Every structure is written in C-alpha cells, then in structure tokens.
Amino acid sequence: METQANKLQELVGSVSSKTHSRTKFIAITSGKGGVGKSTVSANMANVLSNNGYKVALFDADIGLANLDVILNVRIDKNILHVLKGDCSLSDIIVPIKKNLLLIPGESGDEILKYSEQFVYERFLEETKVLDDVDFMIIDTGAGIGEHIQLFLEAADEVVVVTVPDPAAITDAYATIKITSKTQSYIHVLLNMTKNEKEAQLIFDKINKVAEANIGNGLKLNLIGKLPEDKLISKSIKQRTLFTNDAPNSLASLDMKRIVNNLVYKLERKVLKTDTSKGFGSFFKRIIEQF
Ligand SMILES: Nc1ncnc2c1ncn2[C@@H]1O[C@H](COP(=O)(O)OP(=O)(O)OP(=O)(O)O)[C@@H](O)[C@H]1O
C-alpha cells in the first residue's frame with residue numbers, strides 16, 4: 001500500500017516539475033517567549049517588501065501577540081482549514097500591502113495532529129499561487145518543541161532572536177543547540193539592546209559556549225541588533241510597523257541592515273545551490289519528518 005509520504009512525494013514531484021519557485025524560507029524563532037520574534041518577523045517582511053521583493057509572512061506562532069494583531073487585520077480561517085479542505089489557500093491569504101501577504105498559520109502541533117486528514121492533492125496544487133513569492137518569513141513558536149524544530153529544519157535560514165536577559169540567552173542557547181542537529185549555520189539577532197557593543201559582547205559569549213560544547217561544524221552569525229526603543233513598543237501598541245512609522249529612525253536603520261545581511265547571505269547561497277522549491281515542497285519537508 002502506498003504510504004502517505006510516498007503519495008505526497010509523487011504529488012510534490014509533479015507540482016514542482018511544472019513550476020520554478022525559488023522562495024527562500026526564513027524561520028524566526030526564539031528560546032523564550034516575548035523577546036520580539038513577531039515584531040522582527042513583521043518588520044523584516046515589511047522592509048523586504050519595500051525593497052521590491054514579494055514577501056509572505058507565515059504565522060506559525062499562535063500565542064498572545066499574533067501577526068494578525070500586529071498587522072491590524074482580521075482573520076477567520078487559517079492553514080489548517082485549507083489542509084482539511086474546508087477552504088482554498090487563496091481564501092485565507094490576507095494582502096497587507098503591495099508585495100506583502102499574510103498566511104495565517106497554526107502551530108506545528110495542530111498541523112501535524114490532523115495530518116492524516118489533510119487534502120494534500122488540492123493543497124499542493126493551490127500552493128502554486130505562492131510560487132512568485134521571493135521570501136517567506138515564518139514566525140515560529142518559542143522554545144525547543146519537536147514540531148517547532150520541523151519548521152526550523154525545513155527553512156533555508158534560521159534566525160534566533162534573543163534579548164540580553166540571562167534567562168533568554170540560556171533559552172536561546174538551548175534552541176541553537178537543538179537546531180544545530182539540522183542546520184550548520186544559524187543567525188542570532190540581539191533585540192532590545194543598549195548598543196552595538198553590548199550585542200557583540202553577548203553574541204561572543206554565546207558563540208564561545210557553542211564552540212566549546214556543540215561542535216558539529218556549527219557556525220553562528222550575528223545578523224544584527226535592534227535597540228530597546230519606545231518607538232517599537234508604541235508601534236506595536238497602535239498596531240503599526242515601526243519601519244513604516246519612522247523609516248529613518250535608528251531602529252529602522254538597524255532593521256534594514258539586518259535585511260541586507262540576510263539577502264546578501266542568501267544571494268551567495270543561491271549561487272551555490274539553486275534548487276527549485278515552493279510552499280508545497282516546504283510543507284512536504286515538514287510533514288515527511290513527522
Ligand atoms: N526592540 C524593542 N524595543 C521595545 N519594545 C520591544 C522591542 N521588541 C519587542 N518589544 C515589545 O516586546 C513585546 C513582545 O514582542 P513580540 O510580541 O514581538 O515578541 P514575541 O517573541 O513574538 O512574543 P510571543 O512569544 O508572545 O510570540 C511587545 O509588546 C513589543 O512591543
């Protein structure tokens with residue numbers, strides 16, 4: 001009997017052979033909750049879209065501050081409804097502005113709990129509507145849960161967000177350690193920092209401990225820092241994006257630098273491994289691991 005994974009593989013094969021998607025999947029994660037993961041995801045997506053890229057934000061973090069709240073949009077259905085066949089993928093996609101879409105997700109736990117019932121065939125066909133997306137930013141849940149790891153494993157780049165507080169750093173390290181089993185290059189983003197020096201000092205500490213204890217050829221990269229800034233918390237409160245509200249502020253310039261670093265890194269990687277893949281095969285990678 002054909003297994004679900006085999007069937008999925010065949011389907012994805014037939015879909016991807018017809019398409020030329022080069023979407024880059026960037027997972028934004030953290031060890032601890034409340035460190036700014038969703039703020040970073042939404043503003044990173046905004047800056048990328050301002051730079052002319054087509055960007056989709058996939059909300060896989062169903063917590064208190066969801067991306068729909070941050071982006072001030074109302075959502076009724078999410079990816080789980082699509083996978084179950086209740087509605088189409090186009091029905092749930094929320095256009096935020098030119099070049100920026102929101103895909104309301106679900107936690108990995110929920111998605112995989114119902115994986116037996118999914119209507120893959122239709123879903124994979126539907127993912128073609130996202131084939132022209134250049135970047136998909138995935139806001140994962142916090143922590144080291146097994147299902148979060150599936151998103152991190154399937155992503156092209158993983159960004160671990162942390163703040164200077166020791167508990168957050170310890171949890172970020174735990175996330176890095178577990179992610180190093182599947183990713184050999186991990187970005188660290190220091191949020192709510194006082195200055196560049198503080199960010200570099202904290203990163204150096206994390207890097208030193210990782211070098212001594214993880215090995216695996218792991219390379220950590222400080223992708224950038226963001227200041228602790230009232231402007232950022234004010235924007236979150238009023239459900240706007242600080243990169244729109246104050247595009248020339250220090251915080252926005254930091255965010256632009258982070259985006260430039262990421263794009264530079266990905267462009268170099270594309271030259272080495274130019275694989276054809278879209279949202280359908282991204283989901284395939286997640287579900288097949290389960
Ligand atoms: N650089 C910053 N300066 C000031 N406040 C910030 C900054 N980054 C995030 N915040 C504030 O921290 C709070 C948590 O941010 P956010 O919701 O983005 O974190 P999260 O890691 O996604 O949380 P959760 O784990 O609940 O999903 C928000 O109220 C936000 O305004």
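Because the structure is a prediction, the values reported are computed rather than measured. When reading the values below, keep in mind they use all heavy atoms of this one structure, side chains included, and skip hydrogens, waters and symmetry mates.
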With a 6.0 Å cut-off (strictly less than), is the heavy-atom count around CD of Gln200, excluding the residue itself, greater than 12? yes

Within 45 degrees of the axis of the six-membered ring of Tyr173 and under 6.0 Å from its centre: does Lys205 put its NZ or CZ there? no

Can you tell if the side chain of Val55 reaches within under 4.5 Å of the side chain of Met136, non-hydrogen atoms only? no

Going by distance alone, is a donor N or O of one side chain under 3.5 Å from an acceptor N or O of the other, for Ser38 and Ser41? no

Do Ile26 and Ile138 have side-chain heavy atoms sitting under 4.5 Å apart? no

Between Asn46 and Lys97, does a side-chain hydrogen bond (donor to acceptor under 3.5 Å, both in side chains) hold up when you go through it step by step? CA-CA 9 Å; Asn46 186 44; Lys97 62 185 235 190; 2.6 Å; yes

Has Ser252 got a side-chain atom pairing as donor or acceptor with Ala246's backbone, closer than 3.5 angstrom? yes

Any non-hydrogen side-chain atom of Ile202 less than 4.5 Å from a side-chain atom of Ile169? yes

Counting N and O atoms only, with roles assigned by atom type, does the side chain of Asn66 sit under 3.5 Å from a partner on the main chain of Asp68, one being a donor and the other an acceptor? no

Here the pair of heavy atoms bringing Gly143 nearest to Thr175 is O-OG1, 4.0 Å

Salt-bridged, Asp131 to Lys128, with N to O below 4.0 Å? no

side-chain contact (heavy atoms from CB on, under 4.5 Å), that's the test. Do Phe123 and Ile79 meet it? Break it down for me. CA-CA 10 Å; Phe123 175 70; Ile79 196 91; 3.9 Å; yes

Check the pair Leu190, Val188 against side-chain contact (heavy atoms from CB on, under 4.5 Å), reporting the backbone distance first and the verdict last. CA-CA 7 Å; Leu190 260 300; Val188 176; 3.7 Å; yes

How many angstroms lie between CG in Leu152 and CD1 in Ile178, if you round to the nearest 0.5 Å? 9.5 Å

Heavy-atom side-chain contact between Ile176 and Ile214 under 4.5 Å: yes

For the backbone of Thr182 and the side chain of Gln149, can you confirm whether one donor and one acceptor N or O come within less than 3.5 Å of each other? no

Checking Asn50 against Leu100 for the side-chain contact (heavy atoms from CB on, under 4.5 Å) test, could you report, in this order, the C-alpha distance in whole Å, the side-chain angles of both residues, the deciding distance, and whether it holds? CA-CA 9 Å; Asn50 286 346; Leu100 181 56; over 6 Å; no

Between Val73 and Leu241, is there a shared hydrophobic cluster once you connect ILVMFWY residues whose side-chain heavy atoms come closer than 4.5 Å? yes

If you compare all heavy atoms of Ala42 against all heavy atoms of Ile70, which two are closest, and at what distance to 0.1 Å? CB-CG2, 3.9 Å

So, taking the atom named CD in Glu126 and the one named SG in Cys87, what distance separates them when rounded to the nearest 0.5 Å? 8.0 Å

Point-to-point distance, once rounded to the nearest 0.5 Å, from CG of Leu189 to OG1 of Thr29: 12.5 Å

Can you check side-chain contact (heavy atoms from CB on, under 4.5 Å) on Leu262 and His187, steps first, answer last? CA-CA 9 Å; Leu262 205 56; His187 302 279; 3.8 Å; yes

Would you check if there is a donor-acceptor pair between the side chains of Lys37 and Asn191 at a distance under 3.5 Å? no

Tell me, yes or no, whether the heavy-atom count around Lys181 atom NZ, taken from other residues, nucleotides or ligands under 6.0 Å, exceeds 12. no

Atom pair CE/OG of Met192 and Ser233 - distance to nearest 0.5 Å: 8.5 Å

With a 4.0 Å cut-off, would you call Lys256 and Asp254 a salt bridge? no

Min side-chain heavy-atom separation Val94-Leu71 under 4.5 Å: no

Looking at Lys194, is its backbone amide N or carbonyl O close enough to the side chain of Glu198 to form a donor-acceptor pair, meaning the two atoms are under 3.5 Å apart? yes

Of Asp134, Thr23, Asp132, which meets side chain to side chain donor-acceptor pair (under 3.5 Å) against Lys54? Asp132

Between Phe58 and Phe279, is the gap from one ring center to the other below 6.0 Å? yes

Measure from the side-chain N and O atoms of Thr240 to the backbone N and O of Ile236, and report whether any donor-acceptor pair falls under 3.5 Å. no

Considering all heavy atoms, the nearest Thr127-Leu89 contact: CA-CD2, 3.7 Å

Please answer whether the main-chain N or O of Lys197 pairs with a side-chain N or O of Asn195 as donor and acceptor at a distance below 3.5 Å. yes

Ignoring hydrogens, what is the shortest heavy-atom contact between Leu266 and Lys24? Give both atom names and the distance. CD2-CD, 3.7 Å

Are Leu220 and Tyr185 close enough that some pair of their side-chain heavy atoms sits under 4.5 Å apart? no

Main chain of Ser88, side chain of Asp91: is a donor-acceptor contact present, judged purely on distance under 3.5 Å? yes

Can you tell me if Asn43 uses its side chain to pair, donor with acceptor, with the backbone of Thr243 under 3.5 Å? yes

So, do Val161 and Ile28 sit near enough that their side-chain heavy atoms are less than 4.5 Å apart? yes

Lys265 and Asn260: side-chain donor and acceptor closer than 3.5 Å? no

In short, Asn78 meets Pro104 closest at the heavy-atom pair CB-O, 3.3 Å

Is it the case that atom CG in Leu250 sees more than 12 heavy atoms from other parts of the structure closer than 6.0 Å? no

Which pair of heavy atoms, one from Ala199 and one from Lys225, lies closest together, and at what distance? CB-CB, 3.6 Å

Without swapping roles, check the side chain of Asn261 against the backbone of Ile223 for a donor-acceptor pair under 3.5 Å. yes

Taking C-beta and beyond as the side chain, do Leu102 and Leu67 meet within less than 4.5 Å on heavy atoms? yes

